[in-house]
Structure formats: structure tokens, C-alpha cells
K.L.:
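Here you go, one structure.
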Number of protein chains: 4
Amino acid sequence: MSQGTKPARQERSRQTRDRLVAALDTRLREKPFADITIAELAQAADLSVGAVYRRFENKDAFIPVIFELYSTRLDAFMSGEGRVEVDPAAGLRSALHKACGAAWQFLVRHGYLVRAAHLYARLRPDLIGDDWEELLGQARQSAATLLELFGDEVKRRDADEASQMFTYLMNTLPIERALYREEGAAVVLTISDERFVAAIADTLYGYLVTAD
Amino acid sequence: MSQGTKPARQERSRQTRDRLVAALDTRLREKPFADITIAELAQAADLSVGAVYRRFENKDAFIPVIFELYSTRLDAFMSGEGRVEVDPAAGLRSALHKACGAAWQFLVRHGYLVRAAHLYARLRPDLIGDDWEELLGQARQSAATLLELFGDEVKRRDADEASQMFTYLMNTLPIERALYREEGAAVVLTISDERFVAAIADTLYGYLVTAD
Amino acid sequence: MSQGTKPARQERSRQTRDRLVAALDTRLREKPFADITIAELAQAADLSVGAVYRRFENKDAFIPVIFELYSTRLDAFMSGEGRVEVDPAAGLRSALHKACGAAWQFLVRHGYLVRAAHLYARLRPDLIGDDWEELLGQARQSAATLLELFGDEVKRRDADEASQMFTYLMNTLPIERALYREEGAAVVLTISDERFVAAIADTLYGYLVTAD
Amino acid sequence: MSQGTKPARQERSRQTRDRLVAALDTRLREKPFADITIAELAQAADLSVGAVYRRFENKDAFIPVIFELYSTRLDAFMSGEGRVEVDPAAGLRSALHKACGAAWQFLVRHGYLVRAAHLYARLRPDLIGDDWEELLGQARQSAATLLELFGDEVKRRDADEASQMFTYLMNTLPIERALYREEGAAVVLTISDERFVAAIADTLYGYLVTAD
DNA sequence: AATGAATGAGACTTCATTCAT
DNA sequence: CATGAATGAAGTCTCATTCAT
């Protein structure tokens, strides 16, 4: 299993691809990618197995689709209900709280995609190309902008490092609890979701306002 | 696939088990558990397939062994070179720095175990029993002790919540970078390991000294 | 191992199934079902192992096929050379003699199927559904008709019980000798097949004309 | 798997053998011989696997034991509670009724042995030697004696054939219902056990008193 | 001689991928 | 081009039998 997607020249092809992507999305909510069979995807998309192989060279070629889905959902969320209106007057802490709340929302809703994306970013880094990097690059850009906006509150000396860490933390802190709840490191947490979100916002805040 | 280990009546049995555990440890450095076959383990342990099944009911019965290994290594590390000498006079920040450094060391060395443990704690929570919870319970205990020691510096109102979050952060912050380096969320990080460790120590510190 | 057959969408599928059924029929003449492997069936049908599993969910799914074969052969036999022309004028004894002769013929020819069917009707009654019961129900129906035809000769008080017993005896008496010849209870028999058939016809006759 | 038992020279050996025989008896009540493993027998007899192989060359060597058990039980039954007191004055029909009643009792109680014995008499006739034949030979002897006793009632011309058939019928008629109840040919029977026993006695009677 | 651990052939089953129709 | 049947490698697991201790 390796390599990539096949180009879709015709309109029908595009539809076929879309249906497969939708099928993958649906199945991913139920079980890990490794447990999903091609036959299952074909059936969910109401296609034949052969038709699947016409669009995708092999099973691995679906892995980038996971990232595609992730990306698409994230974009939609960020420009929709997940949009964070930053009020400079309200201060950094408030902005972080809003941002963490939005991140939490997204994770709760699209966690299954994030989970799969994370897993395969690690398992098969060769298959995802630059999507992942690009995604995080954008995030870092936003982080830099935000930190600049609250330049007076932020005490970190190295602005570049700060925006890197900010991105890292944002993509790391809420994941464990949001995705695995009772399992994983989150078992120690008995506090409510609200307090948890507040706590990670404070964590970010604490990092930024602590001089090194 | 499910359930447990079989009792060993003879001394030889014990050895066989040990060899299988060692074989698992070795293979786990190379690839995920799901990709390791029983035949492979047997060969690595210089045994026949049947001998494996005399010690382990089925493949799943190896999953608890991952945690066993993790636990054992962690204990050894913590009472050996990983031991953190807290100097009350040096302050909280210094203590956190040391702790993060130790955690980092452990992860760099035994990351493959932590990785597998994390994965299966999520994938097959039914198979690990209370080991996981126990492990984190102990960690939280230590956290509580530490925070008490630096009670004057810590500004969090709820001490219980603080020790929970401290444990969560400690088990969450360094993982991503230590385990997946170039892949995952850590791609954004261009800073050195040293600075990274310092940064997460600061993150913890920031959280604790920020009043809510 | 359990459950059923898979639907065949294409004509080729049907052929594949037929070939597997034929392969089973062939192998069953040589050895018990338990000793026949899937690989063996595949080879006999000139197919791959995977192709077998596309038609049959698992090995157990072949068990109903045994009954299917039995049923089919029986129907064919009964409406062909096995047809028994009852001559009311010739009397009950003659009719029974003909019927026993036909049953004997069938058993000699298709004994291997009857043997397997009997075995699995007992070993895995869950897998055969109502086929078995239905088959015997029909037999009983025929029995009732026959007994009615010779109502004056039959001395049994309870006609219902008589037709039940008749069916039971018909399906029990010849089996042992026909199927296992030298082995089983038939070792005591040194008489010829002809005399044996006559004897069981007489046994049935004796039962029916003996008043209770 | 083939061949035979090993001689038991010592007292301890004899005990070991007895325990294995008892273990086989116990397990046979639960499941078919083919499904019983050597390890299971060893455990049930509180022996090691090696010890089993010291007494029995291989698994097949247990098959004759099935017949041994059958034989032993039958002897015990026939000279105990199963003893049939024939009253010449009461007539043939009464004697047959008693005999069928006894046979039924035995089958109900030791059916699992009869079942296994029948199966392996057919599956592996090579392994049972003459035990089987001998057993039936004795039965036939008894039959001959009985028929002679009621020589005036019996109308069969060939006494030899009659005793053969009598033995065959006795070992054939009740089996199906006694051993397989709901499954097999007995599904057609809705009558009670008592009536069934009476019916097969009548069947035997009918055969004997019907002139050929 | 006894124990039970080890062997290893072989059975069932799955599924990514290919290919005849 | 589409369909879904066929392929076959690979993996898990069982258990009669052997053999080291």
C-alpha cells in the first residue's frame, strides 16, 4: 500500500470521490481507519470495490483524505461558529479563554477526525505531505498575530519561540481530555469541562506572562 | 482476542515468559503492537508459536504486558537516575525545571513504551485494568506533595484541582514532542530540546502562580 | 463457526456455489464432514480459499448444504426410479415391501448423505432449521395416506400414533444396515440384503396388523 | 494416531489407567470424543500429559476404552436392576415389553456411551477389535434362547434369521429416540415414552408372530 | 519414571488487490 | 468503464505428540 490519489477528470468521477470521502467520514466515527475495509467503504458509498480502486490507488491513498477532512472541517468551523472575536480591551486572558473554548468545541465535535489525523501523522508521516505542516503553520501565524496584539501583557523575550509554544500548547493541552475522556492521562481529572477549559486557558496565560 | 495470562508452574515457564516480554520490548521499538505478529514474537524469543500460547491466552494478553513494562521502567527510572532532588530553598521554578527534565529523559529513552501504552489505554481500556489509573494516582499524590511544599508560591485557590491539572499537564505537555518529534503538533517547534524543556517547565510554573 | 450462506449477485457466483456443493458431495463420499478442510473443498472446486468464503460465511455454513443435497436427491429419487406404485388390490404387505425396497435402494446409493445428515441433525441441530422437520413431516403425511388406504388391514387403534411410528420405523430400521454394513448393530446379520428388506417390511407389517 | 494400550505392570499403573477411564467417562457425558483433548483428560484424572502417554500410546488408543465402558456398564445393568425376569406363562408379548423397558432404561442412563460407541464403531472400525461383535453375539444368544422359550408363539420359519433380526431390531429401534430425542428421526414422535416403548415392543412382537 | 513445557503442522478466517466478464 | 468475484498471502489459534529437566 502506498502512493496517491488518481485525478478525477470527469464530473462523475468527482461525485464518486466525494461519496467515498463522505463514506470514510462516516465510518471513521465508528472505528479506527485500520479496521475499516475497502469493501466497507465501497458499500457505504454505494459503489463497487473496483470503482474505489479507480479513484484511489490503494487503501493508503485514503490517509491524506483524513487530513483533507480535518482541514475542511477546521476551516468551516473557524470561519463559522468557531470564530473567535478578540476584544483587545478585554485583555489577553479573556482572548485565550475564548480561543480555548472554541478549540474545545471543535474537538468535541470533530474529535474522531483529529484522532485519526494525529495517529497517521505519526504512523505514516510519508503519506500526508505538507498538509499537516501547512495547517500548523497557519495556526502559528494566527498565534503570532494574537501575541502581537497583546504585546504589552506578554512577557516572553523571544516572540518567535512564544508563538511556536503557543501553537504547540493549543494543539496539545485539550486533546487528551477531549479525545479520550476516561482513558489516557485524563483519568486524573475530576473537574468539570468548564473548569478544565478555564484551566488550560490559564495555563497558556501563565506561560505567556511569565518572564523567562 | 481477550483476557489474560496463564499461570507458570515451572521455573522454565517463568523464563519463557521473561523471554517473551523481552521480545515484545524489542519489537515495540521497531513497530506498533498491531504490526507485530505472534510468529515474530516467538522467533524473537527463540520459541515456537505454541509455546507463546502456553504463556499467553491470545495476542491481546500481551497488551497488559506493555503496561507492565512501562510501569517497571518508570519505577526503576524514578528511583535511579531519574530521581529528582527538590531543594525547597531553590524555589518552585527550579523544582519544576528538574522534574520536566527528568520526564523528558524518561520519554526520550522509553518513549516507545509510553507510545504503545497511551495507544492501548485508549484502544482497549478493558484490557489494562486499574494499572493505568493507579499509576496516575501515584503521580497525582507526588504532585500534591510538591505543591504543598511550595504552598507560598502557588496561587491556585483549589489545591485539589491544581494537583490534578499538574499531573495532567506533566503527562501531556512533553509527550507530543518527545514521542513524535517531527510528526504531530511538534513540527512547529524549531527550538532546541533544552529550551523546550524550559518552556514547559515555565508553562507549569505559569499555571501554578497565576491566580484564578 | 456459525450462520449462513451469502447471496449471489452474479451468474458466476451461482456457478461457484454449485461447484462447491458438488465438491462437498464428492468429498463426503470419502470422509466425514469434520475431516474435510476448506482448502480441500476449494481445491476440489478448483477455486481459491477466499472464493469459498465469499459464498459461505464459514465452514458451518456448509452443514445446511448437506441437508439440501439430501433433500434434492430424495425428491429426485422419489419422483424417478424410486417411485412406489401402490396397488390396493395387492394388499398392505406388498405395498410395504415395495416401499422398503425403494428406501433400501436410496440408502445404498445416497447413504453417505444420509449419514452426514443424521450426524449433524444431532450435532448441530441449530444449523439445519426446519428442513429436517419438514422432510419428516412430509414422510408422515405419506404414511397417513398409505395407512388410510389399507384401513381395513391396519389394526392399530390410534391412527395418528400409527403413522408417527410408521415414519419413525421407516427412517430407522434400514439405516443401520444400509449405512454401516459390517460395523454397528448390523454385524449380527448374516442374511442377504433381499431377505433383510423383506424382514423389515414384515416388521412394519407386523406392527400395523397387531392390535394394541 | 493409531494402535493400542500399553500393558500395566504395576499396581500404580493400574490406578492411573482407571483414573483415565473414569475421566473419559465423565468428559464423554459432556461432549463428543473428538472434542475432548488429551490435556483435558489428564487434568480430569489429575495426571500429567506425559503420564497419559505412558498408559496410552495415542489418543486413538482411548477409543477401545469407550467400548470397554459400554460393555462394563451393560453387564452391570443386565445382572442388576436391568435384569429381565421372563415369565413363560405371561406370554411373549409381556416378555418383550419387559425387555424393551429395560433397554430403554439403559439407553436413557448410558446413552452417551452408546452414542460414542456407535459413532466410533463406524468411524474407526479398525480400532475396536472384536469387542463389538462379541457383545452382539451374546445378545443374539439371549435372543435365541428367548425365542425358543416362546417357540409356539413365534411364527418365523427360520429361527436363526429371527434371532438375528430380533437382535438387530432391539439394538436399532429404541436408539434413535432414546439418544437424540428432539433431533433425528424422532422429531415426528409426539407420543409419550411409555407408549413409545409399548409400540416398539409391539413392533418386535408383530415381526415375530407374522409368518413369512 | 514423572512432569508439563515446547514443538510445529495444520485448520480457519480476513482482506487488500487483481481481473474476468 | 463498472462490477463484484477470485486470488492468495498472512495472521491467529489448537492440540496431538515429543522431550528436556
Side-chain angles (χ1 to χ4, degrees), chain A residues 1 10 12-13 16 34-43 47-62, chain B residues 1 6-17 34-42 45-61, chain C residues 1 6-17 34-42 45-60, chain D residues 1-2 10 12-13 16 34-43 47-62:
Chain A
M1 296 197 298
Q10 299 177 6
R12 183 157 54 139
S13 284
T16 299
D35 293 352
I36 300 173
T37 68
I38 294 290
E40 191 178 351
L41 281 179
Q43 189 171 34
L47 291 168
S48 68
V49 170
V52 176
Y53 276 88
R54 171 152 297 282
R55 285 287 110 243
F56 292 89
E57 187 151 342
N58 50 36
K59 197 183 172 186
D60 278 358
F62 278 95
Chain B
M1 298 200 296
K6 295 176 177 176
R9 301 238 174 92
Q10 292 185 4
E11 173 51 27
R12 182 151 59 131
S13 279
R14 172 79 52 78
Q15 274 181 37
T16 298
R17 199 197 123 95
D35 292 351
I36 300 173
T37 71
I38 294 291
E40 193 177 350
L41 282 179
D46 201 23
L47 289 168
S48 68
V49 169
V52 177
Y53 279 92
R54 168 159 278 273
R55 284 302 100 234
F56 294 91
E57 189 151 340
N58 49 38
K59 197 183 170 186
D60 277 359
Chain C
M1 295 198 299
K6 296 176 179 177
R9 301 243 173 87
Q10 291 186 4
E11 174 51 26
R12 183 153 56 130
S13 279
R14 171 80 51 81
Q15 274 182 36
T16 298
R17 199 197 123 95
D35 292 351
I36 299 172
T37 70
I38 293 290
E40 193 177 349
L41 282 178
D46 202 23
L47 289 168
S48 67
V49 170
V52 177
Y53 279 91
R54 167 157 281 272
R55 281 304 101 233
F56 294 91
E57 190 152 339
N58 49 37
K59 197 183 172 188
D60 277 359
Chain D
M1 297 199 298
S2 71
Q10 300 176 6
R12 183 155 55 141
S13 283
T16 299
D35 293 351
I36 300 174
T37 69
I38 294 290
E40 191 177 351
L41 282 179
Q43 189 171 33
L47 291 168
S48 68
V49 170
V52 176
Y53 275 88
R54 172 153 298 279
R55 285 288 108 241
F56 293 89
E57 187 149 341
N58 51 36
K59 196 183 173 186
D60 278 358
F62 278 95

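A, B, ... follow the sequence lines: proteins, then strands. Residue 1 opens every chain. The analysis underlying the following values was restricted to heavy atoms, covering all of them including side chains, and did not include hydrogens, waters or symmetry mates.
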K.L.:
Could you give the CG-to-C1' distance, from C:Leu41 to E:dC12, as a whole number of Å?
P.N.:
13 Å
K.L.:
How is the base pairing of DNA chain F summarised as a dot-bracket string, given the Watson-Crick and G-U wobble criteria with both distances under 3.5 Å, [ ] for crossing and | for another strand?
P.N.:
.||||||||||||||||||||
K.L.:
Check the phosphate of F:dA6 against C:Arg54, side-chain N and O only, distance under 4.0 Å to OP1 or OP2. Yes or no?
P.N.:
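For C:Arg54, the contact criterion (side-chain N or O under 4.0 Å from OP1 or OP2 of F:dA6) is not met.
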K.L.:
Could you check how far CG of A:Asn58 sits from P of E:dT17, rounded to whole Å?
P.N.:
5 Å
K.L.:
On DNA chain E, compare the nucleotides closest to B:Ala51 and C:Ile36; which residue's is nearer the 5' end?
P.N.:
B:Ala51
K.L.:
Taking only side-chain nitrogens and oxygens of B:Arg55, does any of them come within less than 4.0 Å of OP1 or OP2 of E:dA5?
P.N.:
yes
K.L.:
Give the minimum heavy-atom separation between D:Val52 and D:Ala42, together with the two atoms involved.
P.N.:
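So the two residues come closest at CG2-CB, 3.7 Å.
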K.L.:
Here's a test of your reading of the structure: between D:Ser48 and A:Ala34, which maps to the more 5' nucleotide of DNA chain E?
P.N.:
D:Ser48
K.L.:
Indicate the atoms forming the closest heavy-atom contact of B:Lys59 with B:Ile38, along with that distance.
P.N.:
CG-CD1, 3.8 Å
K.L.:
Nearest whole Å is fine: how far is F:dT14 P from D:Ile38 CD1?
P.N.:
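Taking CD1 of D:Ile38 and P of F:dT14, I get 17 Å after rounding.
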K.L.:
Can you measure D:Asp35 atom CG to E:dA11 atom P for me and round it to whole angstrom units?
P.N.:
16 Å
K.L.:
Atom OH in A:Tyr53, atom CG in A:Leu47: separation rounded to 0.5 Å?
P.N.:
13.5 Å
K.L.:
Atom CG of A:Asp60 to atom C1' of E:dT17: distance rounded to whole Å?
P.N.:
12 Å
K.L.:
Rounded to the nearest 0.5 Å, what separation is found between the CG atom of D:Leu41 and the CZ atom of D:Phe62?
P.N.:
5.0 Å
K.L.:
Below the 4.0 Å mark, does F:dA6 have OP1 or OP2 next to a side-chain nitrogen or oxygen of C:Thr16?
P.N.:
yes
K.L.:
Shorter than 3.5 Å, N or O on both sides, protein versus nucleotides 19-21 of chain E: list them out with atom names.
P.N.:
none

K.L.:
Quick one: on DNA chain F, does C:Val49 or B:Thr37 contact a more 5' nucleotide (nearest heavy atom)?
P.N.:
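Final value for this comparison: C:Val49.
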K.L.:
Categorize B:Leu47 for me: base, sugar-phosphate, or nothing, with a 4.0 angstrom heavy-atom threshold over every strand shown.
P.N.:
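Result for B:Leu47 = sugar-phosphate.
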K.L.:
With rounding to the nearest 0.5 Å, note down the distance linking CZ in C:Arg55 to CZ in C:Arg14.
P.N.:
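CZ of C:Arg14 is found 10.0 Å from CZ of C:Arg55.
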K.L.:
Could you state the CZ-P distance from B:Phe56 to F:dT14, rounded to the nearest angstrom?
P.N.:
15 Å
K.L.:
Does atom CG (C:Asp46) have a neighbourhood of more than 12 heavy atoms from anything else shown, all under 6.0 Å?
P.N.:
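12 or below, so no.
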K.L.:
Calculate the interatomic distance between A:Lys59 atom NZ and F:dA10 atom C1'; express it in whole Å.
P.N.:
15 Å
K.L.:
Roughly, in whole Å, what's the span from CD in D:Glu40 to C1' in F:dA16?
P.N.:
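Computing the D:Glu40:CD to F:dA16:C1' distance gives 14 Å.
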